[in-house]
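Reviewing the structure listed below.
Here is the naming used below: chain letters follow the sequence lines, and residue numbers restart at 1 for every chain. Because only heavy atoms are used, hydrogens play no part in the values below, and waters and symmetry mates are left out as well, while side chains stay in.
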Amino acid sequence: LVASTTMLLAYAQNGHIEESKKVFEGMPGRDVISWNAMLATFSGAGSLEEMERVFAGMPEPDLVSWTTLLAAYAQSGITIAAKKTFDAMPQLNLVAWNSLLSAYGKGGQIENARSTFEEMPERDLISWNSILGACAQIGHTKEANVVFAEMPRRDLISWTTMLVGYTQQENLAAANRVFQKMPQHDLVSCTTVLAANARNGHLEKSKHLFDQMPQRDVVSWNVLLTMYGEHELADEAKKIFKDMPYHSLASWNSLLSAHLVEGDFYSASQLFSQMPLKD
RNA sequence: AGUAUUGGCUC
């Protein structure tokens, strides 16, 4: 049972949802963990209806099941459904509160996020990071700064969240300052500061940052690809696309819009027909 | 614990 749950999730990780489903259906028995793994798989794939069907078939959904649902609605931007799920939960824990808080943050409902944050019986670093993200996401950098100063503890995520806030404000100077001030860097923070520079049209600097990065992943490559596309350098974008070790949906979308920006509808439609359903 | 909640690219 443990082995098949692991296998189910391994397929899901690689986007092979159909295989995950087959594993689930062929399981010798099911416990709440394998049910929840199936839920999480559909949640991650954005297959809300299938997820709901699985949930409805569960003999005994637990807190994990409920919060998986809640998070799935949040992810899809259906904040009302997330709140309804929260209200329907037989018990609550910190994860449930955090999930609701994050749902409001993702939905840009800062007031609801704030009142949830005040109302929750306890808060951990995830709660603080979530309210910080809610402020940063809608460009309230002043409020984000207040939260950041008030936080009892900060981690790399807190710092990167601030970085994202300034990036979205197109405040490159502040973004670079935060980046230099943070105690550590990782792949995500490096990619974020790269994106900040790329968005502001600093092509050379961005290329340099990219080359200097200790590690790169598909997102870092995508940032560069998107940057060239937005500056009508479709040939450069195409080169990046060829050079990158693997592609995500975002890579395809970015190259597609690179062609569209240049008005190259022929290349765009050709590329479109080459897009895999799952890459 | 084999499952759920917070940060980066496109949508």
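Contacts of A/L9 with the nucleic acid, taken as non-hydrogen atoms under 4.0 Å apart, involve only primed sugar atoms and P, OP1 or OP2. Within the nucleic acid shown, A/D124 has no heavy atom closer than 4.0 Å to any nucleic acid atom. Within 4.0 Å (heavy atoms only), A/D155 reaches no atom of the nucleic acid at all. At the heavy-atom level, A/S34 lies under 4.0 Å from base atoms of the strands shown. A/T192 comes within 4.0 angstrom of the backbone, heavy atoms only, and of no base. Using a 4.0 Å heavy-atom distance criterion, A/T191 is classed as a base contact.
A/L101 has its CG atom 9 Å from the C1' atom of B/U5, to the nearest Å. Between the CE atom of A/M7 and the P atom of B/U3 there is a distance of 16 Å, rounded to whole Å. A/R154 has its CZ atom 19 Å from the P atom of B/G7, to the nearest Å. Atom pair A/F42:CZ and B/A4:P shows a separation of 16 Å (rounding to whole Å applied). Atom CH2 of A/W221 and atom C1' of B/C9 are 14 Å apart (whole Å). What separates CG of A/N36 from C1' of B/U3 is a distance of 5 Å, to the nearest Å. When the C1' atom of B/C9 is taken as reference, atom CE of A/M213 falls 11 Å away, rounded to whole Å. The separation between A/N129 atom CG and B/U6 atom P is 11 Å, rounded to whole Å.
Using a 30° and 60° split on the angle between ring planes, A/H16 and A/Y11 fall in the perpendicular class, above 60°. A/H247 and A/F241 have parallel rings, their planes meeting at less than 30° on a 0 to 90° scale where 60° marks the start of perpendicular.
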With side-chain hydrogen bond (donor to acceptor under 3.5 Å, both in side chains) as the criterion, how do A/S248 and A/N222 come out once you've worked through the C-alpha distance, each side chain's angles and the decisive distance to 0.1 Å? CA-CA 8 Å; A/S248 66; A/N222 285 341; 3.1 Å; yes

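Membership of the apolar cluster around A/I138 extends to A/I110, as traced through chained side-chain contacts below 4.5 Å between ILVMFWY residues.
Using a cutoff of 4.0 Å between basic side-chain nitrogens and carboxylate oxygens, A/R114 and A/E111 are not scored as salt-bridged. Under a 4.0 Å N-O distance rule, the pair A/K239/A/D235 does not qualify as a salt bridge.
When the side-chain nitrogen and oxygen atoms of A/K106 are compared with OP1 and OP2 of B/U6, one or more of them lie within a distance under 4.0 Å.
Remark: A/T226 pairs with A/S254 by the side-chain hydrogen bond (donor to acceptor under 3.5 Å, both in side chains) rule, at least two apart or across chains.
Residues from residues 77-100 of chain A that place a heavy atom under 4.0 Å from any atom of RNA chain B, listed by number: A/N93, A/V95, A/N98, A/S99.
With hydrogens and angles ignored, no donor-acceptor pair under 3.5 angstrom links the side chain of A/N222 to the base of B/G8.
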